[in-house]
Amino acid sequence: MDAAAQESAAPDAARAAGAVARRREAAAAGHAGDAARARSYLHDDDPMVRSSALRALERAGDLAAHQLEGALDDPAAAVRMTALELAAYRADIAAAAAASRLGDDDYRVVETAAWACGEKISAGDNASGDDTGARGSETAAVVEALVRVVRSQTDALCRESAIAALGAISDPAGLPAILAGLEDKPEVRRRAVMALAPFDGPEVDAALLRASTDRDKQVRAAAAELRGV
């Protein structure tokens, strides 16, 4: 590398080193319970530093719901993914907030959002309380959004994650999309078979019987396990 190239690369290297140092500082603040210090990195220029700040505040027990919801709209996909991972286990974040990222432009965010939806609803975030009707409506809306992912998302990982979430939620409205997954790529078909576990009925029995002769060995094995043969 000539002198001019070295001079040009130096600021980039310095910025990268600075970002790594700030990530470590944010993480350390979380472990030390220093919420004020961790919070100071929430609006850092580097997205990985912002992600570390979110995790640090959560670890310190001081990540407010509005901060986490705001991170779901962060310009950086990495931060949105971190926010979804944290939101999956926060009862004060509605499942609808996670579902709002199912239409994200980044397939990695969509995959994470589908997983978060499954975790939240299957864990019972939407199954109790005085507003049962509202929670049921929210669940229905989330299931509908997951079905759209299965039907229209071009990335197989996203379809697989959405099918897994539909299986975890176990809402009958998601069953047709799970059955449709049995006609997808092998990895999606395997996930679809496993997602049928909470369901029963002639339609499910017939689907498992067909899957037991699938050309993919793992699909056949999963179907045999569910059929008990």
Side-chain angles (χ1 to χ4, degrees), residues 72-74 76-89 93-123 125-126 137-201 203-227:
L72 291 172
D73 294 321
D74 192 277
V79 180
R80 300 197 297 275
M81 291 167 64
T82 297
L84 285 164
E85 291 168 7
L86 297 176
Y89 303 110
I93 305 295
S100 70
R101 300 310 331 167
L102 289 172
D104 201 277
D105 292 336
D106 193 301
Y107 78 92
R108 298 168 301 170
V109 178
V110 176
E111 181 187 3
T112 308
W115 166 82
C117 288
E119 289 294 309
K120 289 189 70 62
I121 297 181
S122 65
D125 282 2
N126 288 27
S137 297
E138 183 180 31
T139 297
V142 171
V143 168
E144 183 179 350
L146 287 166
V147 168
R148 283 198 297 271
V149 172
V150 177
R151 301 289 191 184
S152 63
Q153 175 58 242
T154 58
D155 185 85
L157 285 174
C158 294
R159 299 195 301 275
E160 182 181 352
S161 185
I163 285 173
L166 289 171
I169 294 169
S170 307
D171 190 300
L175 179 57
I178 296 173
L179 293 172
L182 293 171
E183 307 300 326
D184 208 309
K185 293 184 176 182
E187 60 271 26
V188 181
R189 298 201 303 275
R190 291 194 292 268
R191 183 64 65 179
V193 169
M194 292 185 285
L196 287 174
F199 300 93
D200 55 26
E203 189 175 24
V204 174
D205 292 340
L208 290 174
L209 182 60
R210 290 194 302 274
S212 67
T213 61
D214 193 276
R215 59 186 178 276
D216 183 87
K217 180 179 179 180
Q218 290 179 296
V219 174
R220 296 196 304 271
E225 182 177 355
L226 287 185
R227 294 179 65 221

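What's counted below: heavy atoms across the whole structure, side chains too, no hydrogens, waters or symmetry copies. These figures come from a predicted structure and were not determined experimentally.
At distances below 3.5 Å, at least one donor-acceptor pair connects side-chain atoms of Arg80 with backbone N or O atoms of Asp74. The closest donor-acceptor contact from the side chain of Lys120 to the backbone of Ile93 lies under 3.5 Å.
Here Ile169 contributes atom CD1 and Glu119 contributes atom CD; the two are 10.0 Å apart, rounded to the nearest 0.5 Å. Rounded to the nearest 0.5 Å, atoms CE (Met194) and CD (Glu160) are 7.0 Å apart. Rounding to the nearest 0.5 Å gives a distance of 4.5 Å between CG of Leu102 and SG of Cys117. Atom CG of Leu226 and atom CG of Leu208 lie 5.5 Å apart (nearest 0.5 Å).
At least one side-chain heavy atom of Arg227 sits under 4.5 Å from a side-chain heavy atom of Ser212. When side chains are defined from C-beta on, Leu209 does not count as touching Asp205, because their heavy atoms never get closer than 4.5 Å. Gln153 is not listed as a side-chain neighbour of Ser161, based on a closest heavy-atom distance of 4.5 Å or more. For the pair Ile178 and Phe199, the minimum side-chain heavy-atom distance is below 4.5 Å. Taking 4.5 Å as the limit, some side-chain heavy atom of Val150 sits within range of a side-chain heavy atom of Leu166. Residues Leu179 and Glu203 are in side-chain contact: their nearest non-hydrogen atoms beyond the backbone lie under 4.5 Å apart. By the 4.5 Å heavy-atom criterion applied to side chains, Asp184 and Arg159 are counted as neighbours. The side-chain heavy atoms of Leu196 and Leu175, taken from C-beta on, include a pair separated by under 4.5 Å.
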**OP:** Evaluate salt bridge (charged side-chain N to carboxylate O under 4.0 Å, His left out) for Arg191 paired with Glu187, printing each intermediate quantity in order.
**Re:** CA-CA 6 Å; Arg191 183 64 65 179; Glu187 60 271 26; over 6 Å; no

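A salt bridge does not link Asp216 to Arg189: none of the charged nitrogens lies less than 4.0 Å from a carboxylate oxygen. Note on Arg101 versus Asp73: salt bridge recorded, some NZ/NE/NH1/NH2 to OD/OE distance being below 4.0 Å.
The only option from Thr82, Asp106, Asp104, Leu84 that meets the side chain to side chain contact (heavy atoms under 4.5 Å, CB included) definition with Thr112 turns out to be Leu84.
Minimum heavy-atom separation, Arg151 to Ala180: NH1-CB, 3.3 Å. Shown here for Cys158 and Val149, the closest heavy-atom pair between the two residues is O-CG1, 3.7 Å. Scanning all heavy atoms of the two residues, the minimum distance from Ala192 to Ile163 falls at CA-CG2, 3.6 Å. Across every non-hydrogen atom of Ala195 and Pro198, the tightest pair is O-CD, 3.1 Å. Across every non-hydrogen atom of Ala113 and Ala98, the tightest pair is CB-O, 3.6 Å. Residue Ala165 comes nearest to Leu146 through the heavy atom pair CB-CD1, 3.8 Å, listed as atom of the first residue, atom of the second, then distance.
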